[in-house]
Amino acid sequence: AFLLNRSSDLLESRQKSIHFYLLSFVIKGVYMIFTKIDGNIKEREDLGHVHVETAMVKSDDLAKSILRVKSDHHNEYGIRLEEGKLENGSFFFIDDHHVLVLNVIPEEMIVITPKDMDDCGIIAHMLGNMHKPVKVKGGKISLLYDPVVAKNLEKSNVEFKVEEIQLEESLRYVDLS
């Protein structure tokens, strides 16, 4: 009789545990997980008929293949990319009439315009020693604002500006392979 009562108590306890798990699953909600980027909103003009949800992300998030975002409609979505890379404006079809668009939050950045090749080499060497990811484009070197970097640039008499910039893709370390 003791074993019978004990096993029925265990069964009842297990059922309560499963019920609690299912209840918490329903309360937390189920969210969609995207595995493929459907395009970039800047390259598509035929999306006027769809409702757009926007998720704001940091530029660092663009380098990730697994990400959880919350839209401006307070919906949560998961992203687990099998291929491709995220960029500002990447979008995912939720259904035929709704899309989720990733929008990068503008960030404070240091922008350096080297005077000549010698200046460029010195600046590149300094930033490389600090292990900072940079973007080099149009003769300018850009990196996320860091007070230590700003202080070192000032100390070395390197002219720079601090600007609010919305990156199109994540900053990267130079790949020398």
Side-chain angles (χ1 to χ4, degrees), residues 31-45 47 50-94 99-177:
Y31 57 91
M32 185 176 271
I33 298 176
F34 300 106
T35 58
K36 178 180 166 274
I37 301 168
D38 291 314
N40 192 301
I41 200 80
K42 296 171 189 161
E43 299 166 1
R44 297 282 298 263
E45 295 178 14
L47 294 176
V50 298
H51 180 78
V52 176
E53 286 189 45
T54 304
M56 301 299 289
V57 296
K58 294 185 203 170
S59 63
D60 293 351
D61 292 335
L62 297 177
K64 299 175 181 177
S65 60
I66 299 175
L67 186 63
R68 187 174 180 173
V69 298
K70 192 170 197 171
S71 76
D72 56 347
H73 290 61
H74 305 288
N75 296 321
E76 289 192 42
Y77 298 99
I79 298 171
R80 188 178 57 231
L81 294 181
E82 295 169 353
E83 60 183 47
K85 63 178 184 145
L86 297 172
E87 52 189 35
N88 188 31
S90 291
F91 73 86
F92 307 87
F93 278 107
I94 299 169
V99 294
L100 172 69
V101 177
L102 299 184
N103 197 0
V104 177
I105 301 166
E107 298 182 76
E108 226 177 36
M109 297 192 63
I110 295 173
V111 180
I112 307 164
T113 306
K115 297 176 194 122
D116 54 28
M117 284 301 288
D118 292 341
D119 198 28
C120 185
I122 291 167
I123 293 166
H125 180 76
M126 183 185 344
L127 296 175
N129 280 341
M130 292 187 218
H131 302 280
K132 295 293 178 186
V134 298
K135 176 184 173 184
V136 179
K137 187 174 183 180
K140 296 182 181 193
I141 302 170
S142 305
L143 65 151
L144 291 175
Y145 181 80
D146 181 338
V148 173
V149 172
K151 188 177 268 189
N152 279 320
L153 290 171
E154 287 170 354
K155 188 175 167 182
S156 301
N157 295 320
V158 175
E159 292 180 29
F160 65 93
K161 294 186 274 182
V162 177
E163 299 176 6
E164 193 84 8
I165 297 176
Q166 183 180 36
L167 293 172
E168 295 301 314
E169 55 187 22
S170 65
L171 294 176
R172 297 203 175 111
Y173 294 96
V174 176
D175 183 11
L176 300 174
S177 58

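As the structure is a prediction and not an experimental result, all values here were calculated from the model.
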Heavy-atom pair of closest approach, residues [X] and [Y]:
| X | Y | value |
| --- | --- | --- |
| S90 | N40 | N-ND2, 4.0 Å |
| I141 | C120 | CD1-SG, 4.5 Å |
| I37 | K85 | CD1-O, 3.3 Å |

> Should the ring pair Y77 and F34 be called parallel, tilted or perpendicular, given that the plane angle runs from 0 to 90° and is split at 30 and 60?
Replying inline: tilted
Is any side-chain heavy atom of [Y] closer than 4.5 Å to one of [X]?
| X | Y | value |
| --- | --- | --- |
| E107 | L171 | no |
| L67 | L86 | yes |
| R44 | D38 | no |
| K115 | E159 | yes |
| D116 | D119 | yes |
| L100 | M32 | no |
| E53 | D72 | yes |
| F92 | L102 | yes |

Side-chain ([X]) to main-chain ([Y]) donor-acceptor, under 3.5 angstrom:
| X | Y | result |
| --- | --- | --- |
| Q166 | V104 | yes |
| S71 | H73 | yes |
| N103 | T54 | no |
| E163 | V111 | no |
| D60 | S170 | no |

>> Does atom CD (E164) have a neighbourhood of more than 12 heavy atoms from anything else shown, all under 6.0 Å?
In response: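 Yes, the 6.0 Å shell around CD holds more than 12 heavy atoms from other groups.
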> Counting heavy atoms not belonging to E168, are there more than 12 under 6.0 Å from its CD?
Replying inline: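 Above 12, so yes.
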Atom [atom1] in [X], atom [atom2] in [Y]: separation rounded to 0.5 Å?
| X | Y | atom1 | atom2 | answer |
| --- | --- | --- | --- | --- |
| I33 | T35 | CD1 | OG1 | 9.0 Å |
| L153 | I123 | CG | CD1 | 7.0 Å |
| K151 | S156 | NZ | OG | 13.0 Å |
| D146 | M130 | CG | CE | 8.0 Å |
| K161 | I112 | NZ | CD1 | 11.5 Å |
| K135 | S59 | NZ | OG | 10.5 Å |

>> Working note: L167 + N88, criterion side chain to side chain contact (heavy atoms under 4.5 Å, CB included); need CA distance, chi angles, decisive distance, verdict.
In response: CA-CA 7 Å; L167 293 172; N88 188 31; over 6 Å; no
> Given I94 and H51, is the side chain to side chain contact (heavy atoms under 4.5 Å, CB included) satisfied, shown in steps?
Replying inline: CA-CA 10 Å; I94 299 169; H51 180 78; over 6 Å; no
> Any salt bridge between K64 and D61, counting N to O under 4.0 Å?
Replying inline: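 Yes, this pair counts.
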>> Looking at K36 and E82, is any side-chain nitrogen of the basic one under 4.0 Å from a carboxylate oxygen of the acidic one?
In response: no
